[in-house]
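What follows is a short report on a single structure.
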Amino acid sequence: MTAPQPRPTVLNIPPYVAGKAPVERPGLVSYKLSSNENPYPPLPGVLEAAERAAATMNRYPDMGNARLFAALSETFDVPVEDLAVGTGSVGLLYGLIAAFCQPGEEVVYAWRSFEAYPIAVLAGGATSVQVPLLPDGRHDLAAMAAAVTERTRVVLLCTPNNPTGPALTQQEVDDFLAAVPPEVLVVIDEAYVEFVRLEGAVDGLATYRAHDNVLLTRTFSKAYGLAGFRVGYAVGPAPIAAALRAVALPFGVSAVAEAAAVASLAARDELLERVEALVAERTRVHAGLRELGWPVPDPQGNFVWFGFPGESAAIAAFATAAEERRLMVRPLGTDGLRVTIGEPEANDRLLALAGDLRAPSA
Ligand SMILES: *Cc1c(COP(=O)(O)O)cnc(C)c1O
């Protein structure tokens with residue numbers, strides 16, 4: 001062995017499977033419902049702000065993304081010291097593994113959950129402890145608390161859970177935090193927080209304010225529609241946020257991304273209107289699927305979940321039938337498929353497809 005070798009764990013990192021791009025077919029509009037993206041064009045003022053920033057591409061972004069920190073601090077009423085920003089919230093996830101885990105130390109999270117978790121944990125040299133979801137797609141928090149050992153450094157809670165959809169309640173999270181030692185960092189991944197309408201859902205900001213070991217991660221990729229620009233932020237106790245800033249990639253949030261994020265925060269009213277429209281579509285799709293007999297778990301993000309545990313053939317058949325109708329959906333292993341809530345026409349087409357395919361329980 002004379003060639004340079006990466007750490008052995010690097011060879012075990014599963015590839016991140018991105019959502020399929022639409023396949024064009026004349027006469028039929030294609031819809032990409034495979035990556036939980038926002039179907040809307042940029043919010044008012046955002047494109048202009050990004051264009052102005054693009055004109056200064058020969059310069060580095062402002063030192064420390066001060067404008068973005070100030071805008072986040074004001075919008076969410078949190079001290080600047082409690083914030084970190086990164087190249088998408090996935091960038092922050094890599095940072096927190098780097099900052100909190102020694103090689104081989106454990107990160108506990110539910111599975112199936114966000115595909116980036118196992119990749120980030122392995123990339124950081126830590127070890128994943130995956131706790132199976134309950135049959136209804138919710139976190140099994142009792143089992144997750146029981147999976148915490150003296151090797152556990154971080155727990156990731158995903159609410160609402162990508163890809164299954166249910167959100168955590170405040171009571172569930174409070175009970176969980178009471179059962180976990182205070183030296184374990186509990187990360188609440190709120191990538192879809194703007195879409196949550198569940199009564200009694202966890203209030204991430206209130207929870208972080210009440211605990212010294214709770215960190216929130218959020219993103220501009222989903223509700224804000226800036227997935228292509230890669231901006232996320234974390235909110236947590238000052239020492240934890242400082243650790244994240246310490247390991248952050250210098251200038252990881254570009255000037256263009258920063259300008260777009262700041263302008264998006266300023267357009268919050270329009271943003272919330274769009275989110276409301278997507279939530280209404282989600283409610284319509286969920287009700288329609290239930291009526292057809294599909295046991296779709298409570299969707300609190302901008303996506304719905306079709307569970308087919310262990311049924312590879314059914315998953316492949318669903319994905320193929322969707323593709324024939326020019327709907328790109330996301331099959332996930334042998335567990336099921338996730339479909340993003342898109343334009344009303346795309347959602348209508350999904351309902352028609354689900355009506356033509358037989359529901360497992362119907
Ligand atoms: C999409 C998503 C993210 C956000 O990723 P970015 O890197 O910010 O684009 C984080 N967590 C979950 C659960 C997601 O689904």
Side-chain angles (χ1 to χ4, degrees), residues 14-25 27-40 111-117 119 133 136-137 158 160-166 191-192 195 221-223 225 227-228 277-362:
Y16 187 95
V17 184
K20 263 199 179 179
V23 181
E24 297 308 327
R25 185 168 117 191
L28 194 58
V29 178
S30 295
Y31 294 103
K32 184 176 176 223
L33 307 179
S34 50
S35 296
N36 291 352
E37 292 153 343
N38 188 316
Y40 292 110
W111 196 252
R112 179 170 283 274
S113 190
F114 185 32
E115 268 196 284
Y117 294 162
I119 299 173
L133 293 170
D136 61 2
C158 188
N161 188 54
N162 173 8
T164 52
Y192 304 92
F195 297 100
S221 296
K222 306 290 163 51
L278 287 169
V279 167
E281 278 295 284
R282 175 184 81 195
T283 304
R284 180 175 77 88
V285 169
H286 187 222
L289 292 173
R290 284 271 172 178
E291 212 164 286
L292 292 165
W294 289 91
V296 172
D298 180 29
Q300 292 291 324
N302 64 341
F303 52 89
V304 287
W305 173 246
F306 296 86
F308 291 97
E311 297 182 56
S312 309
I315 294 167
F318 191 118
T320 303
E323 212 165 300
E324 276 163 9
R325 296 179 195 223
R326 295 300 177 263
L327 297 178
M328 303 303 134
V329 302
R330 175 76 77 98
L332 287 162
T334 57
D335 292 332
L337 306 99
R338 188 194 66 203
V339 186
T340 307
I341 300 297
E343 297 85 343
E345 157 67 18
N347 305 331
D348 286 345
R349 220 184 276 173
L350 172 66
L351 284 169
L353 168 72
D356 291 348
L357 298 174
R358 212 163 58 84
S361 62

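All values below come from the heavy atoms of this structure, side chains included, with hydrogens, waters and symmetry mates left out. Quick caveat, the model's predicted, so the values are computed rather than measured.
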For this session: Quick one: sort the Phe114 and Tyr117 rings into parallel, tilted or perpendicular, breaks at 30° and 60°.
Result: perpendicular
Exercise. Run the side-chain contact (heavy atoms from CB on, under 4.5 Å) check on Val285 and Leu289 step by step: do they pass?
Worked result: CA-CA 6 Å; Val285 169; Leu289 292 173; 3.7 Å; yes
Exercise. Can any side-chain N or O of Trp294 pair as donor or acceptor with the backbone N or O of Ala354 at less than 3.5 Å?
Worked result: yes
Exercise. What distance separates Lys222 NZ from Leu278 CG, expressed to the nearest 0.5 Å?
Worked result: 13.5 Å
Exercise. How many angstroms lie between CD in Glu323 and CZ in Phe318, if you round to the nearest 0.5 Å?
Worked result: 12.5 Å
Problem set entry | Donor-acceptor contact present, side-chain Arg338 to main-chain Phe306, <3.5 Å | no
Exercise. Do you know the tightest heavy-atom contact between Ala277 and Tyr40?
Worked result: CB-OH, 3.4 Å
Exercise. Where is the tightest heavy-atom contact between Thr334 and Ser312, given as atom of each residue plus distance?
Worked result: CG2-OG, 3.4 Å
Seminar exercise, completed: Between the CH2 atom in Trp111 and the CG atom in Leu133, the distance rounded to the nearest 0.5 Å is 9.5 Å
Problem set entry | CD1 on Ile341 to CD on Glu281, rounded to 0.5 Å | 7.5 Å
Problem set entry | Residues Arg284 and Asp348 bridged, charged N to O under 4.0 Å | yes
For this session: State whether the side chain of His286 and the backbone N or O of Val296 hold a donor-acceptor pair below 3.5 Å, judged by distance alone.
Result: yes
Problem set entry | Reported CG-to-OH distance for the pair Leu350 and Tyr31, which is rounded to 0.5 angstrom | 12.5 Å
Exercise. Which atom names give the shortest non-hydrogen contact between Trp305 and Leu337, and what distance separates them?
Worked result: CE3-O, 3.2 Å
For this session: Would you indicate whether the side-chain heavy atoms of Ile119 and Pro14 approach each other to under 4.5 Å?
Result: yes
Exercise. Does the side chain of Glu37 come within less than 4.5 Å of Thr340's, by heavy atoms?
Worked result: no
Exercise. Which residues satisfy the salt bridge (charged side-chain N to carboxylate O under 4.0 Å, His left out) test with Arg349, sequence neighbours excluded?
Worked result: Glu345
Seminar exercise, completed: Of all heavy-atom pairs linking Ile315 and Pro331, the shortest is CG2-CB, 3.7 Å
Exercise. At their closest point, which heavy atom of Leu353 faces which heavy atom of Ala321, and how far apart are they?
Worked result: CD1-CB, 3.7 Å
Exercise. With no hydrogens and no angle check, is any side-chain donor or acceptor of Asn161 less than 3.5 Å from a backbone partner on Pro166?
Worked result: no
For this session: Please report the closest heavy-atom contact between Cys158 and Ser113, naming both atoms and the distance.
Result: CB-OG, 3.4 Å
Exercise. Counting N and O atoms only, with roles assigned by atom type, does the side chain of Arg112 sit under 3.5 Å from a partner on the main chain of Gly336, one being a donor and the other an acceptor?
Worked result: no
Seminar exercise, completed: Rounded to the nearest 0.5 Å, the CG atom of Asp136 sits from the OG1 atom of Thr164 at a distance of 8.5 Å
Exercise. Any chance the side chains of Arg330 and Asn36 put a donor and an acceptor closer than 3.5 Å?
Worked result: no
